[in-house]
Novice: 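Quick one: the structure is below, questions incoming.
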Number of protein chains: 2
Amino acid sequence: MTISETSTTRWLTAEEQHAWRSFARAARLLFAQLDHDLSRDAGMAPGAYELLVLLAEAPQRSLRMNELAEATLSSPSRITHAVGRLVDLGWVSRSSCPSDRRGWLAVLTDEGQSALAAAAPRHVEHLRAHLIDGLSAQDIADLRRISEAVLSRLPASGTAAAGCPTALVAAVEDCPPE
Amino acid sequence: MTISETSTTRWLTAEEQHAWRSFARAARLLFAQLDHDLSRDAGMAPGAYELLVLLAEAPQRSLRMNELAEATLSSPSRITHAVGRLVDLGWVSRSSCPSDRRGWLAVLTDEGQSALAAAAPRHVEHLRAHLIDGLSAQDIADLRRISEAVLSRLPASGTAAAGCPTALVAAVEDCPPE
DNA sequence: CAGCAACAGTTGAACGTTCAAAAAAGGGAC
DNA sequence: GTCCCTTTTTTGAACGTTCAACTGTTGCTG
């Protein structure tokens, strides 16, 4: 049977097709490039930077495994493994949660803070070079609007974060001096 | 040393930061969701759908490994492994390249064509539900414009395609009946 | 027609994510 | 206080990508 006989699928128009393919290609290339840069410059595995940023921004430089999983849209299992690697690197330490004996806190160490501070400037430069500086203020606003529209239609707490690793930008300029 | 003392890094403005984080979050969630849907509905590994689409659109339903690598922005090694899995599934067969004894052609089999035709309608529905139908015509146009601006600033043939798997939409409605 | 750099593709190990299963603790209901 | 369901986290195997060799072919240079 051919599709056209049995389905009423609303295929994409040429416009939609073009937009989607361009978007998919751009996003893939962008994320891959940023991860590659981050790995090259700072030796950070995909996603590690994001975890460090989240911890650096958190109240006591610490977050529960659960919170890390939700913030990064990834599975608890991934967090366990990823934090384990950061612990091995000395960038994070574990601390048992005082209020819930099941829980664990991941705490950013001074070494982790330093590694993040060292990596951030180059990361921001790359992000500007690959994305921000090529866009007008209007583009930025459009991108945000469209992204938020997409987010509003996606499963609120979709536990899904593939390789698509992406890095946040740390507010390291506010970090206490070492 | 603190960053602020030694660097002239142009940090992101609040607007840029918001746009970037929304974009990154939306793109990640979107791609992950689409891959998850595709894996659930059609049993296709991340990226498999894209390879099948490319082959279906190609002249003789066949492309060289090299061409697949370039079109998917991925490494030759990934193509070798990925095509190997598709061959095991019976969706693709290998054929030696007549014009270049080093080369190999990946050829979409009838089974592969059927699998793609079966998967495409649901994939398009998901893509519409998660992305297209939530956007206005203006949004679509903006998304395309911004994506192309980003692409124009990225390394032309950046051999980089992380997990960020993304699927194209097949033009399966034009496929010959089986 | 050697010699040799570049190209096309494969191989296998290392790495990170996903998945299913399990251990351990919280929070109610009775 | 005990049963039971839920939540939090870990574990180890399976899977896919990346990376660094490696094989074989092309095509250019002298």
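Atoms considered below: every heavy atom in the structure, side chains included; atoms not considered: hydrogens, waters and symmetry mates.
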Novice: Could you check, using the six-membered ring where one of them is a Trp, whether F31(B) and F31(A) have ring centers closer than 6.0 angstrom?
Specialist: no
Novice: If Ile, Leu, Val, Met, Phe, Trp and Tyr residues are connected whenever their side-chain heavy atoms lie under 4.5 Å apart, and connections chain through other members, are V107(B) and I79(B) in the same group?
Specialist: no
Novice: Give a yes or no on whether a salt bridge exists between R21(B) and E15(B), defined as a side-chain N under 4.0 angstrom from a carboxylate O.
Specialist: no
Novice: Would you tell me if any nitrogen or oxygen in the side chain of R85(B) comes within less than 4.0 Å of OP1 or OP2 on dT17(D)?
Specialist: yes
Novice: Between P on dT17(D) and CD on E50(B), what's the gap in Å once rounded to a whole number?
Specialist: 11 Å
Novice: For nucleotides 7-11 of chain D, list the nitrogen or oxygen atoms of the protein found under 3.5 Å from its nitrogen or oxygen atoms, one pair per line.
Specialist:
residue, atom, partner, partner atom, Å
dT7(D), O2, R102(A), NH1, 2.6
dT8(D), OP1, N66(A), ND2, 3.3
dT8(D), OP2, N66(A), ND2, 3.4
dT8(D), O3', R64(A), NH2, 3.1
dT9(D), OP1, R64(A), NE, 3.4
dT9(D), OP1, R64(A), NH2, 3.4
dT9(D), OP1, W104(A), N, 3.1
dT9(D), OP2, N66(A), N, 2.7
dT10(D), OP1, R94(A), NH1, 3.1
dT10(D), OP2, T80(A), OG1, 2.5
dT11(D), O4, S77(A), OG, 3.1

Novice: Would you mind reading off the distance between R101(A) atom CZ and dG26(C) atom P, rounded to a whole angstrom?
Specialist: 5 Å
Novice: Do the charged groups of R145(B) and D142(B) touch, with an N to O distance under 4.0 Å?
Specialist: yes
Novice: Between R28(A) and E50(B), is the closest basic N to carboxylate O distance under 4.0 Å?
Specialist: yes
Novice: Mind calculating the distance between CZ (F31(A)) and C1' (dT18(D)) to the nearest angstrom?
Specialist: 20 Å
Novice: Does D139(B) pair with R144(B) as a salt bridge, N-O distance under 4.0 Å?
Specialist: no
Novice: Can you tell me if the side-chain N/O atoms of R78(B) get under 4.0 Å from OP1 or OP2 in dT11(C)?
Specialist: no
Novice: Please report the distance, rounded to the nearest Å, between CE in M44(B) and C1' in dC15(D).
Specialist: 17 Å
